[in-house]
Undergrad: 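First the structure, which I've put down as structure tokens, then a few questions once you've had a look.
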Amino acid sequence: MAAPKRAQPEAAVRANLPFIYREYSPEQLRQVLHKMYLIRRFEEGAEECYMRGLIHGTMHLSIGQEASAMGICMPLAEHDQITSTHRGHGHCIAKGAEVKKMFAEFFGKTTGYCKGRGGSMHIADVAKGNLGANGIVAGGIPIAVGAALSAKRMKTGKVVVSFFGDGANNEGAFHEALNMASVWKLPVIFVCENNGYGMSTSTERSTAVKNIAERAAAYSMPGVIVNGNIFSEVAEASHRAVERARAGEGPTLIESKTYRHRGHSKSDRNRYRTKEEIEDWMSNRDPITLFENELQEFGIIDREGVEAIREAVAREIAEGIQFAKDSPSPDVRDVENYVYTEPA
Amino acid sequence: MAAPKRAQPEAAVRANLPFIYREYSPEQLRQVLHKMYLIRRFEEGAEECYMRGLIHGTMHLSIGQEASAMGICMPLAEHDQITSTHRGHGHCIAKGAEVKKMFAEFFGKTTGYCKGRGGSMHIADVAKGNLGANGIVAGGIPIAVGAALSAKRMKTGKVVVSFFGDGANNEGAFHEALNMASVWKLPVIFVCENNGYGMSTSTERSTAVKNIAERAAAYSMPGVIVNGNIFSEVAEASHRAVERARAGEGPTLIESKTYRHRGHSKSDRNRYRTKEEIEDWMSNRDPITLFENELQEFGIIDREGVEAIREAVAREIAEGIQFAKDSPSPDVRDVENYVYTEPA
Amino acid sequence: MDAMVRELSYAQAIQEAMALAMEADERVFLMGEDIGVYGGAFQVTGDLVERFGAERVMDTPISELGGAGVAVGAAMTGMRPVFEFQFSDFATLAMEQIVNQAAKMRFMLGGEVSVPLVMRFPAGSGTGAAAQHSQSLEAWLGHVPGLKVIQPATPHDAKGMLLAAIEDPDPVMIFEHKLLYKMKGPVPEGHYTVPIGKAEIRREGRDLTIVATSIMVHKALEAAETLEAEGIDVEVVDLRTIRPMDKATIIESVKKTSRLLCVYEAVKTLGIGAEVSAMIAESEAFDYLDAPVVRLGGAETPIPYNPELEKATVPQVPDIIAAARGLVQGTR
Amino acid sequence: MDAMVRELSYAQAIQEAMALAMEADERVFLMGEDIGVYGGAFQVTGDLVERFGAERVMDTPISELGGAGVAVGAAMTGMRPVFEFQFSDFATLAMEQIVNQAAKMRFMLGGEVSVPLVMRFPAGSGTGAAAQHSQSLEAWLGHVPGLKVIQPATPHDAKGMLLAAIEDPDPVMIFEHKLLYKMKGPVPEGHYTVPIGKAEIRREGRDLTIVATSIMVHKALEAAETLEAEGIDVEVVDLRTIRPMDKATIIESVKKTSRLLCVYEAVKTLGIGAEVSAMIAESEAFDYLDAPVVRLGGAETPIPYNPELEKATVPQVPDIIAAARGLVQGTR
Ligand SMILES: Cc1ncc(C[n+]2csc(CCOP(=O)(O)OP(=O)(O)O)c2C)c(N)n1
Ligand SMILES: Cc1ncc(C[n+]2csc(CCOP(=O)(O)OP(=O)(O)O)c2C)c(N)n1
Ligand SMILES: [Mg+2]
Ligand SMILES: [Mg+2]
């Protein structure tokens with residue numbers, strides 16, 4: 001996202017407004033809503049294509065987590081970088097990816113971000129700073145620390161965000177990476193999207209601490225808990241962490257509490273959570289509904305504006321899927337391409 | 001060590017005495033001093049044998065850390081178990097090993113604890129509950145958790161202690177193991193012997209938290225800091241942790257602050273710490289001197305008693321070395337023995 | 001084949017073995033990620049948690065290294081853990097405990113302990129899960145003394161070899177091809193074991209021996225049908241155990257057929273075929289060879305996501321047919 | 001050999017390569033445990049920290065997995081890390097980052113990134129450090145597409161191949177035998193590279209080819225001297241690169257000598273000798289063989305502590321002589 005331009009209401013009123021209304025223009029906020037819809041519809045589109053047998057493999061949908069992806073990425077500049085997870089479509093879009101190249105990837109086409117080699121679990125957009133989703137839980141965390149080391153050594157001013165889930169916080173890689181980032185005061189932000197479960201295993205059954213943010217103390221870095229379904233809260237925490245990182249003060253751990261509406265992946269019998277729990281999150285805490293209502297309350301958008309966004313998004317998705325369908329498949333003779341760097 | 005028998009001074013006086021004088025008999029305490037000397041002299045003896053080319057490989061001496069090993073093991077019953085580290089001679093002796101079989105192992109003899117296959121870095125004494133030193137930093141921590149799982153499932157009442165160093169606390173295995181032990185409330189005690197350095201790297205340069213015990217909070221377990229050079233402090237902390245573990249309340253992390261007098265191993269140029277620092281620990285905080293003086297102050301031992309211990313220990317060491325020298329070497333035709341369990 | 005024998009899927013056969021072992025021996029328990037109420041990523045544990053409870057069908061946090069270490073520690077102290085990696089690729093996180101601890105503990109301690117540990121590794125490509133979820137790494141563990149490494153190819157063997165593994169005093173690593181989980185086959189009721197270290201001749205033939213592993217056994221059998229029509233009589237040996245390898249069965253077969261093709265899914269270079277070929281060269285069977293040993297293994301690439309590319313990276317039936325034909329007709 | 005060329009130890013040669021690379025390219029930096037003021041467990045980095053500072057000769061915490069991941073991330077984003085494992089055995093903790101990330105990243109991302117990462121693995125037995133500090137695991141990484149894997153045997157090659165590795169756009173893994181560190185040999189001053197993927201004929205001969213790796217090259221040369229006295233003329237090929245293997249050089253040599261012995265320290269089963277043997281069987285050289293290919297590898301056991309046992313687990317000069325003799329005289 002571009003550097004924020006400030007809205008300019010009366011100073012007194014402004015001070016009481018939630019963070020985002022002080023920090024971003026109405027146009028920027030409408031764009032955020034647009035992108036949150038884009039993520040949601042992308043996931044739904046991908047799901048439908050999967051059901052219809054157009055996409056193979058498996059996928060992990062981030063429906064319900066859109067405010068978290070958008071809130072974290074909002075304060076980032078284009079050259080800032082992220083590492084993402086198996087549940088990475090939202091992060092990818094939030095960091096600026098084009099949905100048509102994402103669909104093309106899922107369809108295994110040469111026009112996809114990974115030329116059909118990576119698929120959903122490795123979706124990346126290096127030009128926009130997305131160093132890639134990762135099929136290995138917590139695999140991207142030390143990689144993000146390495147990218148932050150590059151930023152510090154090469155003085156690029158870049159900040160790196162590492163997204164990961166609650167399940168990932170019990171991996172050794174989490175521990176080792178956070179420790180090194182803190183010792184070396186690197187410009188990296190650790191974002192734990194706690195959706196309550198690692199696959200079927202609840203944080204209560206897997207994690208010996210109530211809030212994952214409490215683990216930040218073990219690495220002498222700030223640990224911040226936000227409601228991951230409220231865009232403003234997430235964006236504000238991210239903003240502070242980015243400032244801290246850019247100022248050379250080191251890393252932050254943000255725990256963004258959220259929920260995934262869908263099953264873990266396409267093979268989930270959903271036996272570990274109740275219908276009521278899911279229903280509650282969908283009806284009462286949907287991040288898009290919450291944000292849309294708020295924008296309407298603040299007079300930043302009206303029903304027609306929302307409708308226009310929805311239509312634009314629907315078009316973008318339809319076009320993206322068409323692009324993917326129309327794109328060429330890789331030639332099987334190229335099966336060993338990209339294993340090594342081709343001589344120039 | 002056998003279950004403690006209580007000394008019986010006047011009740012009022014007793015309440016003000018340091019822990020060990022309330023908990024253990026004078027005879028037991030004299031035995032502790034004996035064992036601390038035994039560890040010290042064992043290390044010196046091993047060092048000398050190494051210098052004289054009688055022992056090959058490398059070794060990591062625990063001189064300076066004797067109170068820590070003894071204090072932790074004092075409240076353990078014989079069937080309780082430990083996992084140890086590359087710096088594991090002291091733990092091995094404290095848990096009840098015979099020095100002659102240790103020397104024999106270092107000499108690579110069939111009479112050694114590992115029949116000459118393991119050497120210093122794998123010294124073990126399974127019969128006495130020592131599941132083994134480990135050449136992999138932090139490698140024994142999850143193994144201890146597994147042993148504690150066995151204890152809990154098989155209801156043996158055993159407690160397991162995992163010794164490791166400050167360097168080990170930055171390994172992923174530490175994190176994963178402590179988390180699981182806490183989630184499952186296992187009877188295990190994590191003992192971090194913080195001697196200030198992992199090889200050449202000080203805790204300041206490697207560890208993003210001031211006291212390693214603070215990391216206990218990340219696993220919702222008690223974190224206790226003790227002066228590892230004061231036997232009574234260590235024994236008291238261990239006693240509480242053992243009680244907690246036996247009561248089914250789960251693990252404890254004890255940070256035992258101590259110092260190694262010698263270099264990391266036999267190839268250390270000692271460039272990372274000052275002569276003054278080493279000198280200070282040797283002269284002013286030597287755990288044996290501190291304990292011996294204290295016992296004398298409390299009238300539990302006199303100079304002659306100390307002298308008798310020293311002589312007995314010297315004899316034991318000399319006999320141990322002789323035993324090792326006189327023992328047979330393995331037959332090279334047996335090189336593939338013990339790889340698999342031999343059919344009965 | 002006994003008509004009374006039921007058909008079970010490979011996954012069901014494994015599940016049955018685990019259930020039998022847990023019933024018979026209370027030291028046996030299962031550990032892994034999402035093996036409890038979820039039933040395992042491939043539904044291998046299924047509903048076992050309902051029968052045996054969460055203490056014996058233990059969900060672990062996502063902590064492969066620590067989890068493996070816990071299993072090692074439990075095995076050293078009297079329990080008999082059966083540890084499931086959700087995908088064999090994640091075992092890369094636990095190689096330390098598998099290779100430095102489980103494999104060497106008995107040796108390092110001079111025989112004072114045993115490590116009766118079973119680890120299960122769902123492996124292989126074909127599910128569109130791309131490079132980090134599709135590897136075949138059995139050759140790594142086959143290179144490690146102290147481990148036993150098996151690759152059952154049928155539901156019958158999956159059950160019998162798993163039961164043998166659980167009863168084995170040493171660490172046994174089981175590579176299960178994910179595409180086999182749904183394959184059905186006859187599985188006897190009750191307890192039986194299939195020995196570790198014995199290959200099995202799946203089809204007798206005179207012209208050519210194909211040594212295949214895991215899913216490639218089935219592809220080889222399919223290829224053999226076609227080849228039979230062409231007059232090429234193929235013997236198919238299911239290797240079953242990677243370590244210790246059943247050299248005798250392969251040698252005998254090669255002495256009979258004089259030709260050997262080794263088919264496996266893993267990357268060709270330094271895969272199991274290399275060992276089979278080198279072993280034959282060193283054996284008495286060498287002098288019986290009418291043609292050099294040929295390997296058909298995976299391409300020298302990570303597994304791609306695109307389904308056509310994915311198929312192209314591993315041997316398929318037509319590849320086997322072509323290689324067999326080439327060998328017999330002497331056109332290599 | 002040029003009389004003006006200095007003699008350096010293998011460790012010094014590596015150090016010099018790292019210094020030259022750091023001088024020439026500010027993106028190059030070193031990471032590892034105790035490589036700074038301690039100078040590295042084997043004194044390979046020595047005093048480089050004094051010349052280049054702690055930012056470019058970075059001590060890491062004892063965190064092999066995380067450290068390797070940091071190196072991967074840094075390599076993907078413009079730096080050129082040279083990562084030292086203190087012992088190759090500890091790489092078992094980092095296989096995830098090496099194999100799932102470094103090796104596959106370029107492929108998974110469709111060529112959008114490169115991972116110019118060098119990792120150094122002090123390997124092998126002979127120091128009395130027992131089972132967890134003495135392994136030879138190069139075959140594992142040789143099985144992994146996306147990696148390049150080298151084993152320089154001389155100070156000259158250690159410097160030249162390391163410089164080539166640092167300049168390579170892809171991840172290069174260097175296995176350095178610990179017993180070589182103190183070995184001296186001629187090393188040219190200044191910058192030069194020795195290409196990755198090229199074997200080197202260390203000694204020409206007519207009767208037998210010995211393909212050896214790392215320290216075994218020197219043992220093979222020593223054996224060749226003795227064999228010469230017996231009238232057996234040995235050609236010694238230093239393999240140098242495990243992946244990609246220089247098949248052509250081996251094939252040419254075998255076509256000339258008609259006999260092949262492969263000597264390596266790693267466990268024999270599924271070690272590099274298996275690949276060399278299988279590769280020759282598949283090559284045109286097969287028809288030139290007068291005897292089957294023989295492997296001489298490590299025993300099927302973890303490395304024992306006792307020094308006599310330790311020696312007995314890996315090939316020694318007399319073993320090589322005996323194997324060579326057997327091959328040439330046809331008594332196998
Ligand atoms: C190292 C590793 N272990 C296990 C898995 C299998 N797996 C994929 S996602 C997942 C759950 C991850 O949970 P969490 O980190 O909370 O992310 P979420 O799926 O909830 O977004 C598991 C166990 C994996 N991909 N990598
Ligand atoms: C996984 C692993 N990494 C590195 C080493 C090499 N090494 C052996 S001991 C040691 C330092 C350990 O420090 P600490 O845990 O503080 O124990 P101390 O030596 O101080 O007792 C290192 C780096 C190892 N043995 N294992
Ligand atoms: Mg989650
Ligand atoms: Mg230390």
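Below, chains carry the letters A, B, ... as their sequence lines are ordered, and counting in each starts from 1. Not measured: the values here are computed from a predicted model.
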Undergrad: Can a donor-acceptor pair be found, under 3.5 Å and without considering hydrogens, that links the side chain of D:His143 to the backbone of C:Trp140?
TA: no
Undergrad: Most heavy-atom pairs under 4.5 angstrom with chain C, which of D:Thr301, D:Ile303, D:Val144, D:Val293?
TA: D:Thr301
Undergrad: Which atoms of D:Gln97 are under 4.5 Å from chain C, going by heavy atoms: the side chain, the backbone, both sets, or neither?
TA: neither
Undergrad: Quick check: closest heavy atoms across D:Gln135 and C:Asn100, and the distance to 0.1 Å?
TA: NE2-OD1, 2.8 Å
Undergrad: Is there a side-chain contact between C:Glu300 and D:Arg243 (heavy atoms, below 4.5 Å)?
TA: yes
Undergrad: Heavy-atom distances under 4.5 Å only: say whether D:Ala139 touches chain C with side chain, backbone, both or neither.
TA: both
Undergrad: With rounding to the nearest 0.5 angstrom, report the OG to CD distance, D:Ser277 to C:Glu282.
TA: 6.5 Å
Undergrad: Compare every heavy atom of D:Glu275 with every heavy atom of C:Ala274, then report the nearest pair and how far apart it is.
TA: CB-OE1, 3.7 Å
Undergrad: When rounded to the nearest 0.5 angstrom, what distance separates CG in D:Leu93 from CE in C:Met95?
TA: 11.0 Å
Undergrad: Side chain, backbone, both or neither: which part of D:Pro304 has a heavy atom under 4.5 Å from chain C?
TA: both
Undergrad: First locate atom CG of D:Leu270, then atom CD1 of C:Ile272, and finally report the distance between them rounded to the nearest 0.5 Å.
TA: 5.0 Å
Undergrad: If you count heavy-atom pairs within less than 4.5 Å of chain C, which of D:Ala91, D:Gly142, D:Ala130 leads?
TA: D:Gly142
Undergrad: In this structure, are over 12 heavy atoms from other groups packed under 6.0 Å from C:Lys247 atom NZ?
TA: no
Undergrad: At a 4.5 Å cut-off on heavy atoms, which part of D:Leu65 comes close to chain C: side chain, backbone, both, or neither?
TA: side chain
Undergrad: Answer with side chain, backbone, both or neither: which region of D:Val276 has an atom nearer than 4.5 Å to a non-hydrogen atom of chain C?
TA: neither
Undergrad: Can you classify the ring geometry of C:Phe286 versus D:Phe286 as parallel (below 30°), tilted (30 to 60°) or perpendicular (above 60°)?
TA: perpendicular
Undergrad: Tabulate, in ascending numerical order, the residues of residues 259-267 of chain D having at least one heavy atom closer than 4.5 Å to a heavy atom of chain C, or enter 'none'.
TA: D:Ala266, D:Val267
Undergrad: Mind checking the CD-CG spacing from C:Glu96 to D:Asp89? Nearest 0.5 Å is all I need.
TA: 9.5 Å
Undergrad: How would you list, in number order, the residues of residues 101-108 of chain D that have a heavy atom less than 4.5 Å from chain C?
TA: D:Gln101, D:Lys104, D:Phe107, D:Met108
Undergrad: Looking only at heavy atoms and a cut-off of under 4.5 Å, which of C:Gly298, C:Ala131, C:Pro145, C:Gly110 has the most pairs with chain D?
TA: C:Pro145
